[in-house]
Amino acid sequence: MTILRAVKGMNDLFCPELNIWQKVEKTTAEIFSAYGFQEIRTPILEELSLFVRSVGEETDIVGKEMYVLKDRDEKLLSLRPEGTAGVVRAVIENNKVGLDGEMKSFYIGPMFRRERPQKGRLRQFHQIGAEFLGVSEPTVDVEVIAMLHDLLSALGLQNLRLILNTLGQPEERVDYAKALYDYFVLHADNICSDCQRRLQKNTLRILDCKQPHCIKIAEEAPLIQAFLSEESLSHFDEVQAGLSRLAIPYEVSPRLVRGLDYYNRTVFEMVASLGLGSQNAVAAGGRYDGLVKKLGGRDVPAFGFAAGIERIVLLLAEQVDAAPANLLDVVLIYADSVGKEKAFELLYDLRRKNMKADLDHKGRSVKAQMRRADRLGSKTVIVLGEKEVQEQRGQLKLLSTGETLSVSLLGSAIEEALKIS
RNA sequence: GUGGGUGUAGCUCAGUCGGUUAGAGCACCAGGAUGUGGCCCUGGGGGUCGAGGGUUCGAUUCCCUUCACUCACCCCA
């Protein structure tokens, strides 16, 4: 059996499920534009160095998960593993941050990471993201989080928790990481092997470990609060106050750490308490004040997030009535060749009047055509044969009740009848 | 990259302690009603039992390898 298959971790999407995607995308555009965000589309392929510089050379995403390819001119390109870097690059390159220094954009599109697929994780996956460039005030953090919160609740997602933390400014974080290292190195013999690796490579991540004995040791670890400046502390306080004013529930977790290098101060995650298996983060984001400058732009502060569409759809698919059926208005059924000719004629006429009309091309029995109409979810059928063509009248049958009404085949009589039924 | 689970009809799954034509439900097709769906009845089509190799008189079943899917770890949306 040597059939061709899709690349591992890259899925095809078909219709009842795709209807949920369409709903997610439509709701996103509606809500985000209410917040003054405009859509932006950037290439899927970027120069490799963009991600190395933004996401961070030491991160797993860049270190081992990127799809890298060599262009014909030897230039190294990469399929984007996340959306922020491309947006920032595009905004700088096209000089889109105006004199007021602000830019609010959102995007929807595929991202690529070469990981081992599992529930809620694919190699080609899709994100909804938003980036607010140009403002360092904490009310921006609140606005963007609120927008995400509105989207997720408009979609009807329940059992989500907003988890918040602050990472301070880069220099504050360096001090903190040092303190954490000094603490955990004393317990090096008692932490898991993954954490021993993290100790050298990414000390903050130890806080994130799921192993019970590591959690226990982490509970006694120093907290970042002691290392934060006045400004960072009050920024975080104002974010919390702002969320509270909007009645958006949140939890502060000193254990929340982000994987990308560019974050500073506020970071957050929306996690599902059930339904997603262990990949339970539906969305995550935070502030990244240094990134624009790092990529060659002016010193522009920023805040953003990304949400995983597959994970959202996974949660929505559990709820009923998520996928509305795509009903046909009418199926034209023919009993003989005269009826078939008439059926084709009426078919295109109805379609041009924006009625959802269809027929069976295969020339099967009336019974088979009826069954097909029923299966396709048509509201009505009309059976056409020599008699109907001669009389210029037919029976319009409502499939839900079985009742029929006589309609003229002339003019727009069918169309009128369909509108009423 | 590491570990576990699963591969039998379009779908969901039985089954074979190694043995002749491999089953069910659903779906599909046809007929019963020769021009009216859903329910019911009758019949029908459809499977190289994931692939390759080994053991055996004989393998879908046992062994090895491999591939795919899936879940978890790492990491992350």
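Sequence lines set the chain letters: A, B, ... in the order given, protein chains first and strands last, and positions in each chain run from 1.
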* Asked: Out of B:rG35, B:rA77, B:rA30, which nucleotide sits closest to the side chain of A:Glu388?
  -> B:rG35
* **Pairwise 5' ranking along RNA chain B for A:Ile309 and A:Gly402, keeping only the more 5' one** => A:Gly402
* Provide the distance between the two P atoms, one in B:rG50 and one in B:rA22, to the nearest whole Å. => 15 Å
* Between A:Phe227 and A:Tyr176, what is the ring plane arrangement, given parallel below 30°, perpendicular above 60°, and tilted in between? -> tilted
* Which sits closer to the 5' end of RNA chain B, A:Ala307 or A:Leu384, going by the nucleotide each is nearest to? -> A:Leu384
* To do: Write down the distance separating the C1' atoms in B:rC75 and B:rU2, rounded off to the nearest Å.
  => 13 Å
* Asked: Just by distance, with hydrogens left out, do A:Glu46 and A:Ser78 show a side-chain donor and acceptor under 3.5 Å apart?
  -> no
* To do: Quick one, give me the B/S/- string for nucleotides 68-74 of chain B, reading 5' to 3', where B means a protein heavy atom under 4.0 Å from the base and S means that only happens at the primed atoms, P, OP1 or OP2.
  => SS-SBBB
* Asked: Is it true that the side chains of A:Gln369 and A:Asp360 contain a donor and an acceptor less than 3.5 Å apart?
  -> no
* Pick the P atom in B:rG1 and in B:rC29, then give their distance to the nearest Å. => 44 Å
* Could you work out the separation of B:rG18 and B:rC49 based on their C1' atoms and round it to a whole Å? => 15 Å
* Distance, P atom - from B:rG3 to B:rU20, rounded to whole angstrom -> 38 Å
* Asked: Would you say the base of B:rG35 and the side-chain of A:Lys367 have a donor-acceptor pair closer than 3.5 Å?
  -> no
* Asked: Between B:rA30 and B:rG37, how far is it from one C1' atom to the other, in whole Å?
  -> 16 Å
